Amino acid sequence: MYRSGSIEFEALRGVDMEISAGEYVAVIGPSGSGKSTLMNILGCLDVPTEGSYRLGGEDVSTMSEASLAQVRNRRIGFVFQQFNLLPSLPAWRNVELPLMYAGVTKAQRRERAARALERVGLGDRLENRPGELSGGQQQRVAVARALVTEPDIILADEPTGNLDSGSTEAVLALLDELHAHGRTIVLITHEHEVAERAGRNLTIRDGLITADEPVLAGGGR
Amino acid sequence: MSWGETLATAWEAVRSHRLRSVLTMLGIVIGIASVILTVGLGQGAQDQVKSQISALGSNLLIVSPGSSTDSSGVRGGFGSASTLTLSDAEALADDEAAPDVKAVAPVTTSNAQLDTASTNWTTSLVGATTTWPEVRKREVASGRFFTSDEVASGAKVVVLGADTAAELFTGRASPVGEKVSVGGTALTVIGVLESSGASSSGSTEDDTAVAPMGTAKALTGSTSSSLSTVYVEAVSDDALPAAYQEINALLLNLHGVTADEADFSISSQDSLVETANATNKTLTVLLGGIAAISLLVGGIGVMNIMLVSVTERIREIGLRKALGATPAVIRRQFLAEASLLGLAGGVIGIFIAVIGAWGLPGLIDQPVSLSIVATAAALVTSLALGVGFGVYPASRAARLTPIDALRSE
């Protein structure tokens, strides 16, 4: 059950699932199906009102908000549909944010942020503010931010929803590459072409998982 | 996250919303500047009174006719009754009766218009005796003071204050030997007093004309023997209380009254300073209070804008939380922002107050003396206002759940 303001409704009902380390999973479903709620719980942005969620063996559903923040910081990298970059900061300062909250020194942060941006092909755009970058470039900055802490899991919520096909391909290629390097990736989307790149597809409808199947052609590309 | 980084992040936020930050600070700027300036004005007025009164001399007692027993003012007539006479003054000068009294200067004061061939000037005409320069600690800059013979004979001579001489004899090297007339009677200027330098702004000390007592009385048509004031110089500062007792006893005896019925009052420099300061203090507290209220309003302004800022930056807060900022870190960041706004407002306010203290005396003819203590207190207050009024917005920001914050558009 998920509470939103004074209206209560069940966004997820009896979801029972497991994602193994190193998997590339796509969660597919129409809007309102509960996939965002699932993503929020997986990302420790929210806790389930009932049931439990174990992340790497740790039960996070009973953790305090401060502990959850630390779990998010250490183990999860987020990529959002809206990019969610801070417009006043140059690219590298956006990328270093999670490191700042992890307590990494400034010199190290700058270096690691630069390396992460290089990895997404934006090594020459360190000082550009989000407004000076294209949508695809902004999303790559967001991917750099997600991977800069070397998290176990990368959670991507409709990462290509606001991108043209060229940029979509670039971002998805990045996710493929991260998966190839052993990251667990959970991708939320409503586009089947995007979902097909994953190794496993979870279909969710009305708060229930209606299908859980491996993708034969995907994952390994 | 270290405090340094928290402050740096807060500074960036303040800087990236320049106009809003400046408007937020404005309340604190005005509040701090007005508090410092009112306290400075009050302090300046007190200093001025102090320097004026201390120019009188620290071992001086002032005997006035009429009685003013206490500040309640039940017994009126202070300074206006005609109960003090020349014979009282002579009795006080007696070495046997009042051994702690060094010199006595009886004085009559009235306003008179002084005419020269080309101009005229209204000033206070002081009737005095030869002891006046010594007791009032005044020097003659040019010429001489009148002699006891001139006092006895009521000679038609006058000694002018520095400002009065300048008004009447503009551009003349020395007015000594010139004539001034009062009500048709010509007086010869025999000397000009040294400027008292007691204060920067228009002291009456230098705008005066001193004539032998008999002359002054004749000029103003006064026939009574009453005096305006008797200035008494004690032999030393330490002898002041003893001299006070002697004068009190002597005058009570001479006037045949008991202490309760005293028809004169004796004041010292200290008591004058106290009275004047009490008035100044009331004003300073009143104005300072109003200024403090404006400071409070400024603080509420900070809280208001910080709350708006929390709402406006809800996505930023959500993102920072998603990336690992704990509620404590978010709270600190917003608290640091509010504190920076408060502190910056305080610094700008102090800057404006300093400019005001430099420019204001010329405009309103009032000295302003800034005190380090008041300035430091203002700085601490502005910081405290920022922190105090930042607590609530900061905890609002800290309480936001990341998901609500991220979802809002």
Side-chain angles (χ1 to χ4, degrees), chain A residues 2-5 11 36-47 63-90 93-106 109 129-130 142 145-146 148-149 151 155 157, chain B residues 1-22 308-337 340-341 394-409:
Chain A
Y2 178 71
R3 284 170 209 270
S4 170
S36 285
T37 306
L38 181 63
M39 148 111 180
N40 291 334
I41 289 173
L42 291 179
C44 298
L45 290 169
D46 207 350
V47 288
M63 278 187 179
S64 72
E65 224 201 295
S67 315
L68 282 175
Q70 277 164 14
V71 170
R72 288 195 294 269
N73 183 255
R74 279 202 319 269
R75 316 188 63 156
I76 301 166
F78 291 94
V79 180
F80 302 98
Q81 182 177 3
Q82 309 288 346
F83 319 145
N84 279 334
L85 301 175
L86 297 184
S88 61
L89 300 181
R93 296 284 314 274
N94 266 291
V95 173
E96 66 145 17
L97 277 176
L99 296 177
M100 186 165 82
Y101 293 121
V104 178
T105 63
K106 184 145 192 161
R109 293 205 304 259
R129 284 166 209 277
R145 182 179 63 193
V148 75
T149 51
L155 269 180
D157 186 5
Chain B
M1 210 165 128
S2 72
W3 273 108
E5 278 170 344
T6 306
L7 277 176
T9 308
W11 173 242
E12 268 163 18
V14 168
R15 228 184 33 181
S16 62
H17 301 96
R18 256 182 222 122
L19 179 64
R20 188 170 69 190
S21 301
V22 167
V308 170
S309 172
V310 168
T311 313
E312 203 175 78
R313 284 153 64 193
I314 211 159
R315 279 177 74 81
E316 178 195 330
I317 297 165
L319 175 72
R320 287 179 184 276
K321 284 193 154 188
L323 298 182
T326 59
V329 165
I330 296 290
R331 185 181 305 117
R332 253 192 290 168
Q333 188 195 326
F334 276 81
L335 210 51
E337 254 184 75
L340 266 183
L341 286 174
S395 73
R396 278 264 295 247
R399 274 205 309 269
L400 283 173
T401 60
I403 181 64
D404 286 340
L406 269 177
R407 196 193 289 134
S408 88
E409 284 298 324

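In the text below, chain A, chain B and the rest are named by the order of the sequence lines, each starting its count at 1. Only a predicted model underlies this, so the values are computations on that prediction, with no experimental measurement involved.
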Salt bridge (Lys or Arg N to Asp or Glu O under 4.0 Å) partners for A:Arg75, two or more places apart =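 Checked A:Arg75 against salt bridge (Lys or Arg N to Asp or Glu O under 4.0 Å); matches are A:Glu58, A:Asp152.
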
Side chain, backbone, both or neither: which part of A:Ile76 has an atom under 4.5 Å from a heavy atom of chain B?
->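 For A:Ile76, no heavy atom lies under 4.5 Å from chain B.
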
Segment of A:Arg145 engaging chain B (4.5 angstrom heavy-atom cut-off) =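 Answer is side chain: those atoms of A:Arg145 sit under 4.5 Å from chain B.
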
Quick one: list whatever passes side-chain contact (heavy atoms from CB on, under 4.5 Å) with B:Arg332, sequence neighbours left out.
->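 Partners of B:Arg332 by the side-chain contact (heavy atoms from CB on, under 4.5 Å) criterion, ordered by chain and then number, come out as B:Trp3, B:Thr6, B:Val329.
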
Contacts of A:Ser67 meeting side-chain contact (heavy atoms from CB on, under 4.5 Å) (sequence neighbours excluded), chain-then-number -> A:Met63, A:Ser64

To check you understand the geometry: which heavy-atom pair defines the closest contact between [X] and [Y], and what is its length?
X	Y	result
A:Phe80	B:Leu319	CE1-CD1, 3.9 Å
A:Val104	B:Glu5	O-OE2, 4.4 Å
B:Ala322	A:Phe78	O-CE1, 3.4 Å
B:Leu323	A:Leu97	CD1-CB, 3.9 Å
A:Asn73	B:Gly324	CB-CA, 3.6 Å

A:Arg72 CZ to B:Thr326 OG1 distance, which is reported to the nearest 0.5 Å |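 Answer for the CZ-OG1 pair, A:Arg72 versus B:Thr326, is 9.5 Å.
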
Between atom CG of A:Asn84 and atom CZ of B:Arg315, what is the distance when rounded to the nearest 0.5 Å?
->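 Rounded to the nearest 0.5 Å, the CG-CZ separation comes to 4.5 Å.
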
Sorted by number, residues from residues 10-21 of chain B in contact with chain A (heavy atoms, under 4.5 Å) = B:Glu12, B:Ser16

Is A:Glu65 paired with B:Arg399 through a side-chain N to carboxylate O contact shorter than 4.0 Å?
-> no

Criterion side chain to side chain contact (heavy atoms under 4.5 Å, CB included) on B:Lys321 and A:Leu45, from CA distance to verdict = CA-CA 9 Å; B:Lys321 284 193 154 188; A:Leu45 290 169; over 6 Å; no

